[in-house]
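To find a chain, count down the sequence lines: A is the first, B the second, and so on, and within it residues start at 1.
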Protein chains: 2
Amino acid sequence: MPRRTLPTAEDQAARFVRQREADRKATAEDYVELIADLLREEGEARAVDLARRMGVSQATVTATVGRLQRDGLVETKPYRGLFLTAAGTALAAEAKARHDLVVRFLIAVGLDAGTAEQDAEGIEHHASDKALTAFARFLSERGDTT
Amino acid sequence: MPRRTLPTAEDQAARFVRQREADRKATAEDYVELIADLLREEGEARAVDLARRMGVSQATVTATVGRLQRDGLVETKPYRGLFLTAAGTALAAEAKARHDLVVRFLIAVGLDAGTAEQDAEGIEHHASDKALTAFARFLSERGDTT
DNA sequence: AACACTTCTTAGCCTAGACTAACTTTCGGA
DNA sequence: TCCGAAAGTTAGTCTAGGCTAAGAAGTGTT
Ligand SMILES: [Mn+2]
Ligand SMILES: [Mn+2]
Ligand SMILES: [Mn+2]
Ligand SMILES: [Mn+2]
């Protein structure tokens, strides 16, 4: 059993602080990932479709996209969809790589595809680079080439 | 490569909706888990210590604990610490079991203990029961009895 | 018993992220 | 061409979760 003893207050605080940082980035990651997916698969990424796929109102998308624009990740051409800046494209690629790795890993470890997709949607934002490396190593040791 | 094709809008929306639900529960889980740990290890759980260990101001703890009280998880005796209700105790036990499982699993998969603790702090809130079952199975197949 | 220190609360502020309702703008088909 | 449906924006509201600054309330030590 781990956690026999409490970590120091400083260590524990640092963990929670970093975790809250990851939480704050999660929305941006999910949005740019979705926008990139839509651009690739559908040719365009409309705010309406984001709303539908995020399970959120259009007004929420407008507000969120506003923040993404403010943060230099997204550009909009009203009535002709959303686009990613260079930074947005890079973040989307990173998010997608992470997402796919986590999904493959969860499946390799015994999860069904549906649950893997569900859980990955949250877990992806909290897996450090070290964790991703470990996941990748695990997959390659299994000869997983999915 | 997974995600060759997009999920249906409904499926994808359901995932994000459930993920947001998990996010909303995360703070409560972390607080009651910490309170339980402090009660067990230190004999009492003071708001100051929570603030220190959560990496947050005391005012934030007051506000958050207020919500936990409203939600029937915590009771307070001013100047003598925080206590868990039956519901709070149950949630804490669940959270701790999940936390420890995730940590052990991440270590088994190749992570160092420090990173495992860090990542578990976020991942624990997004691992479904199915995932936890898979993690446990993985550990037992490895003969892991940590 | 008094006072300093610690603990806790209050007040006031902020941002993200969500909602509904109402409105405006554009697009496409008749 | 024009007009209804679709797309998008705006306004107003809410909660969670943060913060600082200031003050109140216990606690313990002398
Ligand atoms: Mn996600
Ligand atoms: Mn994702
Ligand atoms: Mn946690
Ligand atoms: Mn935890």
Side-chain angles (χ1 to χ4, degrees), chain A residues 9 13-35 38-39 42-83 121-122 125, chain B residues 9 13-32 34-35 38 42-83 121-122 125:
Chain A
R15 277 179 213 152
F16 282 119
V17 167
R18 286 180 55 191
Q19 209 227 295
R20 286 196 292 272
E21 272 160 31
D23 274 336
R24 282 204 316 276
K25 290 185 207 159
T27 303
E29 289 172 0
D30 285 339
Y31 268 71
V32 297
E33 188 189 347
L34 219 204
I35 291 169
L38 287 169
L39 286 171
E42 316 267 296
E44 62 175 6
R46 311 295 295 236
V48 218
D49 297 318
L50 255 88
R52 240 188 304 270
R53 302 195 97 98
M54 297 292 310
V56 123
S57 74
Q58 279 184 237
T60 293
V61 169
T62 300
T64 303
V65 165
R67 282 187 291 270
L68 298 178
Q69 243 178 320
R70 178 201 63 190
D71 297 342
L73 297 169
V74 163
E75 277 162 12
T76 67
K77 300 185 188 166
Y79 296 93
R80 93 188 5 150
L82 307 173
F83 302 87
E121 204 51 79
H125 308 288
Chain B
R15 276 178 213 153
F16 282 118
V17 168
R18 285 180 55 191
Q19 209 227 295
R20 286 195 293 271
E21 272 159 30
D23 275 335
R24 283 203 317 274
K25 289 186 208 158
T27 303
E29 289 172 0
D30 285 339
Y31 269 70
V32 296
L34 218 203
I35 291 169
L38 287 169
E42 316 266 294
E44 61 174 7
R46 311 294 295 236
V48 219
D49 298 319
L50 255 87
R52 238 188 306 272
R53 302 195 97 98
M54 297 293 311
V56 123
S57 73
Q58 280 185 235
T60 294
V61 169
T62 299
T64 303
V65 166
R67 283 187 291 270
L68 298 178
Q69 242 177 321
R70 178 200 62 191
D71 297 342
L73 297 169
V74 164
E75 277 161 12
T76 67
K77 300 186 188 167
Y79 296 93
R80 95 188 2 151
L82 307 173
F83 302 87
E121 204 52 78
H125 308 289

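Whole-Å rounding puts the B:Arg46 CZ to C:dT6 C1' distance at 9 Å.
Annotation: salt bridge (Lys or Arg N to Asp or Glu O under 4.0 Å) contacts involving residues 74-83 of chain B, sequence neighbours excluded, are absent. Within the structure, salt bridge (Lys or Arg N to Asp or Glu O under 4.0 Å) pairs that include any residue of residues 50-68 of chain A comprise A:Asp49-A:Arg52 (at least two apart or interchain).
Under the salt bridge (charged side-chain N to carboxylate O under 4.0 Å, His left out) criterion, A:Glu44 pairs with A:Arg46, not counting sequence neighbours.
The two atoms that bring B:Ala28 and B:Leu73 nearest to each other are CB-CD1, 4.2 Å, heavy atoms only.
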I'd like a list of close polar pairs between nucleotides 15-24 of chain C and the protein, N/O only, cut-off under 3.5 Å.
residue, atom, partner, partner atom, Å
C:dA16, OP1, A:Arg70, NH1, 3.1
C:dA16, OP1, A:Arg70, NH2, 3.0
C:dG17, OP1, A:Thr27, OG1, 2.9
C:dG17, OP2, A:Arg67, NE, 3.2
C:dA18, OP1, B:Arg20, NE, 3.2
C:dC19, OP2, A:Ser57, N, 2.8
C:dC19, OP2, A:Ser57, OG, 3.2
C:dC19, OP2, A:Thr60, OG1, 2.8

* To do: Before giving the answer on side-chain contact (heavy atoms from CB on, under 4.5 Å), spell out for B:Val74 and B:Phe83 the whole-Å C-alpha distance, their side-chain angles and the decisive distance to 0.1 Å.
  => CA-CA 6 Å; B:Val74 164; B:Phe83 302 87; over 6 Å; no

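No more than 12 heavy atoms of other residues, nucleotides or ligands lie within 6.0 Å of CZ in A:Arg18, so this atom counts as exposed by the packing criterion.
Annotation: side chain of A:Leu82 is not in contact with side chain of A:Leu38 (no heavy-atom distance under 4.5 Å). Put simply, the side chain of A:Lys25 does not reach to within 4.5 Å of the side chain of A:His125, judged on heavy atoms.
Side chain of B:Thr60 to main chain of B:Val56: no donor-acceptor pair is present (N/O by atom type, distance under 3.5 Å, no hydrogens or angles).
Between the axis at the start and the axis at the end of the helix from C:dA1-D:dT30 to C:dA30-D:dT1 there is an angle of 0°, using five pairs per end and rounding to 10 degrees.
A distance of 8.5 Å separates CD in A:Glu29 from CD in A:Glu33, rounded to the nearest 0.5 Å.
Bounding nucleotides for the chain A contact on DNA chain D, 5' to 3', at a heavy-atom distance below 4.0 Å, are D:dA7 to D:dG18.
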